[in-house]
Engineer: 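Below you'll find the structure I mean.
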Amino acid sequence: MAEITMTQALNLAIDEAMAEDDGVFCLGEDVAAKQGGGVFKITSGLTEKYGEHRIRATPISETAIIGAAVGAALAGQRPIAEIMLMNFVGVCMDQIVNHAAKLRFMSGGQTPCPIVIRTTTGVGVGFGGQHSDMLEAWFAHVAGIHTVTPSNAADARGLMRSAIDANDPVIFIENILCYGLTSEDPGPGYRVPLGKAAVAKEGSDLSIITYGRTVLDALEVAGELEKEGISVEVIDLRTIAPYDEETVLKSVRKTGRALTLHEAVRPFGTGAEIAANIQEKCWDDLKGPVRRIGGTFSAVPFASHLEQAWIPTKAEIVEQIKASVGRV
Amino acid sequence: MSEIDRDKLLDIYTRTMKVNRTDEKFRALLMQGKVAVMYYCVRGQELVSAAAMAALEDDDYVVCTYRGQGEQTAKGIPIEKWWGECLGKATGTCKGKGGTMHITDPETGIMVTTGVVGSGLPIANGLAMASQNSGDGRVTLVSFGDGAANIGGFHEAMNMAQLYKLPVVFLCQNNRYGEHTAYADHTNSKSIASRAEGYGMRGVTVDGNDVNQIYPAVKEAVDRARAGEGPTLVEAMCYRMMGHFFGSDFSYMPKEHLAEMQAEDPLPKLRAVMLERQFSEEELDQIVADIDAEIDAAVQHALDAPLPDTDEIYKDVLEEVN
């Protein structure tokens with residue numbers, strides 16, 4: 001089977017969903033053909049197929065973009081809204097948090113809000129402080145939203161189809177550094193269910209619970225430590241919230257040790273919630289405290305060496321794992 | 001301007017009095033201590049809502065604000081369900097989970113009632129965009145106050161609506177106050193409608209206390225939207241005759257201005273128009289008596305209705321997790 005990049009995977013998933021359902025449409029800044037098919041080319045080629053009403057290039061108006069998506073969803077359509085960079089969600093949080101997330105509940109179930117909000121981010125491309133943050137914890141803290149991020153192209157294809165199918169809002173976070181990753185193409189109609197984690201690698205000494213780009217670091221470290229006789233299990237959450245608690249707890253009960261790892265800053269991050277939940281529910285199985293690794297608690301710096309120092313390093317992951325299993 | 005059709009006039013009168021009698025009843029219940037909830041009084045603005053709703057078709061969409069009683073009852077929400085929701089009962093439109101500030105009733109076209117000033121405009125665009133995409137011929141009307149014209153979402157929504165020529169009507173009920181702040185203290189524009197020009201949009205300011213101005217203005221905007229001619233910003237001048245929410249202090253509203261505005265009260269003016277058009281006093285009084293009886297029954301039904309089950313707090317959060 002052919003290999004596809006994550007960029008192609010997302011494009012294929014959206015294309016398929018648009019072909020199957022007239023109610024699926026895309027809107028966002030620069031997304032149409034005239035503007036180049038999106039800054040990261042995710043919607044490239046779709047205007048030619050579906051026209052400018054279904055691939056709507058919008059003004060730079062994040063509140064209007066998400067508001068329009070919410071309204072269209074209330075009318076029974078399935079909009080896919082692009083917020084070009086995740087830091088810009090700050091501009092439209094009211095529409096996401098007060099409206100998209102709550103309209104199903106506040107209406108007593110009458111007005112579900114099936115929107116997908118695609119957004120991109122990632123540390124390591126020199127974008128500086130206002131284009132690089134992973135802000136998944138903001139959304140994980142709000143009831144009524146699914147927060148999703150793929151770590152590979154196949155999952156990207158499957159998760160995007162499930163996100164479009166979902167009858168609730170989904171924040172779909174795409175890490176810029178993952179766009180070029182390739183997977184074997186899982187083919188048309190492929191779906192990865194929301195809320196289901198993947199055991200990316202099995203192991204018996206420690207569980208790393210992670211998602212998105214840091215899954216790659218976790219797998220690399222796990223491979224190296226295997227040679228030293230340390231067996232690490234890597235859980236790729238895929239859906240950050242509501243997350244697959246069952247898979248996480250099962251893994252930790254088996255290994256007895258846990259480490260949460262994410263690119264977002266450590267304080268008040270999703271890793272803190274997962275760690276606290278593990279300590280509550282797996283106390284008797286734990287051989288030591290749950291450890292947490294996250295980004296440095298500062299804005300993401302510009303200078304390349306500072307930016308690299310900001311991100312959790314593989315050396316830090318190795319160090320924490322070794323400390324946890326008692327082999328420092 | 002052509003005269004409003006007699007049947008339509010009667011329709012507007014009936015809707016107006018429904019809004020007014022609902023408002024009176026709510027205030028009476030609050031004053032008697034029979035209910036204790038937040039209520040945003042619509043006294044003085046009844047005609048604007050009623051005339052606007054009378055200009056829409058039954059399946060058109062409406063987005064309104066926490067001060068949305070007028071749009072909701074005039075659009076035709078079954079009043080037992082409306083009262084049930086306002087009293088937090090299981091029989092309410094939203095099973096008691098929305099409340100006075102979040103009434104939703106898609107069957108009537110009331111799609112969103114938002115408690116966040118100005119947030120309804122971008123959502124109205126989306127409803128209109130869905131109609132434009134699907135060609136269902138519906139128009140969306142979004143109602144908001146003068147205070148809402150100063151949030152970013154207002155400007156973003158106006159620009160986008162005109163850009164795409166969306167079938168949407170922006171109805172600003174300029175009641176002269178944004179919460180406790182008077183119009184002149186929150187806005188320098190000579191009018192809200194004058195801002196439409198900045199977006200290349202049609203904007204009109206009309207007297208919201210005069211049925212012969214407000215109804216034709218909204219009707220024309222609705223017709224234009226339905227014909228694909230794009231959005232209109234209709235600014236209806238009116239007056240919020242009470243405080244921001246019922247029971248709140250309104251000493252910041254100058255007495256002289258209040259007296260001046262009371263002289264412009266839309267209700268006696270509407271009644272005068274009705275009489276001019278040969279509706280009889282008895283006929284008009286009977287309409288009000290019928291509405292009162294209907295409201296009394298609905299209120300009693302809501303008072304007697306059960307509270308929502310406590311496990312409702314876990315429901316309707318996410319479909320997949322229910």
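Note on naming: letters A, B, ... go to the chains in the order of the sequence lines (proteins, then strands), and numbering restarts at 1 for each one. The structure presented is a predicted model; accordingly, all values stated were derived computationally and were not measured.
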Engineer: Would you say that B:Val317 contacts A:Arg104 through its side chain, given a criterion of any heavy-atom pair below 4.5 Å between the two side chains?
Structural biologist: no
Engineer: Just how far is it from atom CD of B:Glu319 to atom CG of A:Asp168, taken to the nearest 0.5 Å?
Structural biologist: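 CG of A:Asp168 is found 6.0 Å from CD of B:Glu319.
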Engineer: Just checking B:His180: does its NE2 atom have more than 12 heavy atoms from other residues, nucleotides or ligands closer to it than 6.0 angstrom?
Structural biologist: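 Yes, NE2 of B:His180 has more than 12 neighbouring heavy atoms, counting only those of other groups under 6.0 Å.
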Engineer: Is B:Glu197 atom CD crowded by more than 12 heavy atoms from other residues, nucleotides or ligands, each under 6.0 Å away?
Structural biologist: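 No, CD of B:Glu197 has 12 or fewer neighbouring heavy atoms, counting only those of other groups under 6.0 Å.
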Engineer: Please state whether the side chain, the backbone, both or neither of B:Val112 comes within less than 4.5 Å of a heavy atom of chain A.
Structural biologist: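 When you check distances to chain A, only side chain atoms of B:Val112 fall under 4.5 Å.
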Engineer: Around atom CD of B:Glu229, are there more than 12 heavy atoms of other residues, nucleotides or ligands at under 6.0 Å?
Structural biologist: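 Yes, because the 6.0 Å sphere around CD of B:Glu229 holds more than 12 heavy atoms from other groups.
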Engineer: Provide the closest heavy-atom pair for A:Ala72 versus B:Ala130 in the form atom of the first, atom of the second, distance.
Structural biologist: CA-CB, 4.0 Å
Engineer: Nearest 0.5 Å please: distance from the OG1 atom of A:Thr111 over to the CG atom of B:Asp316.
Structural biologist: 9.5 Å
Engineer: If you round to the nearest 0.5 Å, how far is CG of A:Leu74 from CE of B:Met111?
Structural biologist: 5.5 Å
Engineer: Evaluate the side-chain proximity of A:Pro59 to B:Glu156: yes if any heavy-atom separation is below 4.5 Å, no if none is.
Structural biologist: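 No - every pair of side-chain heavy atoms lies 4.5 Å or more apart.
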Engineer: Give the minimum heavy-atom separation between A:Thr63 and B:Pro122, together with the two atoms involved.
Structural biologist: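 Heavy atoms of A:Thr63 and B:Pro122 come nearest at O-CB, 3.8 Å.
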Engineer: Side chain, backbone, both or neither: which part of A:Asn98 has an atom under 4.5 Å from a heavy atom of chain B?
Structural biologist: side chain
Engineer: Check each atom of A:Glu62 against the heavy atoms of chain B and say whether the ones under 4.5 Å are side chain, backbone, both or neither.
Structural biologist: backbone
Engineer: A:His146 and B:Leu318: which non-hydrogen atoms are nearest, and at how many Å?
Structural biologist: NE2-CD2, 3.6 Å
Engineer: Looking only at heavy atoms, what is the nearest atom pair of A:Phe105 and B:Glu312, with distance?
Structural biologist: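 Nearest pair, atom of A:Phe105 first, then B:Glu312: CE1-O, 3.7 Å.
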Engineer: What heavy-atom pair brings B:Lys95 and A:Gly108 nearest, and what distance separates the two atoms?
Structural biologist: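 B:Lys95 and A:Gly108 have their closest heavy atoms at CE-O, 3.1 Å.
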Engineer: Are more than 12 heavy atoms from other residues, nucleotides or ligands located less than 6.0 Å from atom CG of B:Asp58?
Structural biologist: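 Incorrect, the count does not exceed 12.
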Engineer: Let's test your reading of the structure: which of B:Leu163, B:Thr113, B:Thr114 forms the most heavy-atom pairs below 4.5 Å with chain A?
Structural biologist: B:Thr114
Engineer: Go through the atoms of A:Ala57 and report whether side chain, backbone, both or neither lie under 4.5 Å from a heavy atom of chain B.
Structural biologist: backbone
Engineer: More than 12 heavy atoms of other residues, nucleotides or ligands under 6.0 Å from CD of A:Gln130: is that the case?
Structural biologist: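 No - once you tally the heavy atoms of other residues, nucleotides and ligands closer than 6.0 Å, there are 12 at most.
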Engineer: With heavy-atom distances below 4.5 Å as the criterion, would you say the side chains of A:Gln110 and B:Glu107 are in contact?
Structural biologist: no
Engineer: Any non-hydrogen side-chain atom of A:Arg56 less than 4.5 Å from a side-chain atom of B:Asn133?
Structural biologist: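 A side-chain contact under 4.5 Å exists here.
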Engineer: Which residue out of B:Gly99, B:Ser119, B:Gly98 racks up the most heavy-atom pairs below 4.5 Å with chain A?
Structural biologist: B:Ser119
Engineer: In terms of heavy-atom proximity below 4.5 Å to chain B, should A:His99 be classed as side chain, backbone, both, or neither?
Structural biologist: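 For A:His99, the side chain is the part near chain B, not the backbone.
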Engineer: Quick check for you: to the nearest 0.5 Å, what is the distance between B:Ile151 atom CD1 and A:Asp94 atom CG?
Structural biologist: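 The CG atom of A:Asp94 is 6.5 Å from CD1 of B:Ile151, to the nearest 0.5 Å.
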Engineer: For the OG atom of B:Ser131 and the CD atom of A:Gln77, what is their distance to the nearest 0.5 Å?
Structural biologist: 8.0 Å
Engineer: Indicate yes or no: at least one non-hydrogen side-chain atom of B:His102 is less than 4.5 angstrom from one of A:Ser107.
Structural biologist: no
Engineer: So which of B:Ile103, B:Val116, B:Val63 has the largest heavy-atom pair count under 4.5 angstrom toward chain A?
Structural biologist: B:Val116
Engineer: Please rank A:Thr58, A:Asp22, A:Leu103, A:Ile60 by heavy-atom pairs under 4.5 Å with chain B and give me the top one.
Structural biologist: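 That would be A:Thr58.
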Engineer: Quick check: are there more than 12 heavy atoms from other residues, nucleotides or ligands sitting under 6.0 Å from CD of A:Glu52?
Structural biologist: no
Engineer: Below 4.5 Å, heavy atoms only, C-beta onward: do B:Thr104 and A:Met106 meet side chain to side chain?
Structural biologist: no
Engineer: Is there a side-chain contact between B:Ile123 and A:Gln95 (heavy atoms, below 4.5 Å)?
Structural biologist: yes
Engineer: Measure distances from B:Asp136 to the heavy atoms of chain A and classify the residue's part below 4.5 Å as side chain, backbone, both or neither.
Structural biologist: neither
Engineer: Relative to chain B, which segment of A:Ile145 carries a heavy atom at a distance below 4.5 Å: side chain, backbone, both, or neither?
Structural biologist: backbone
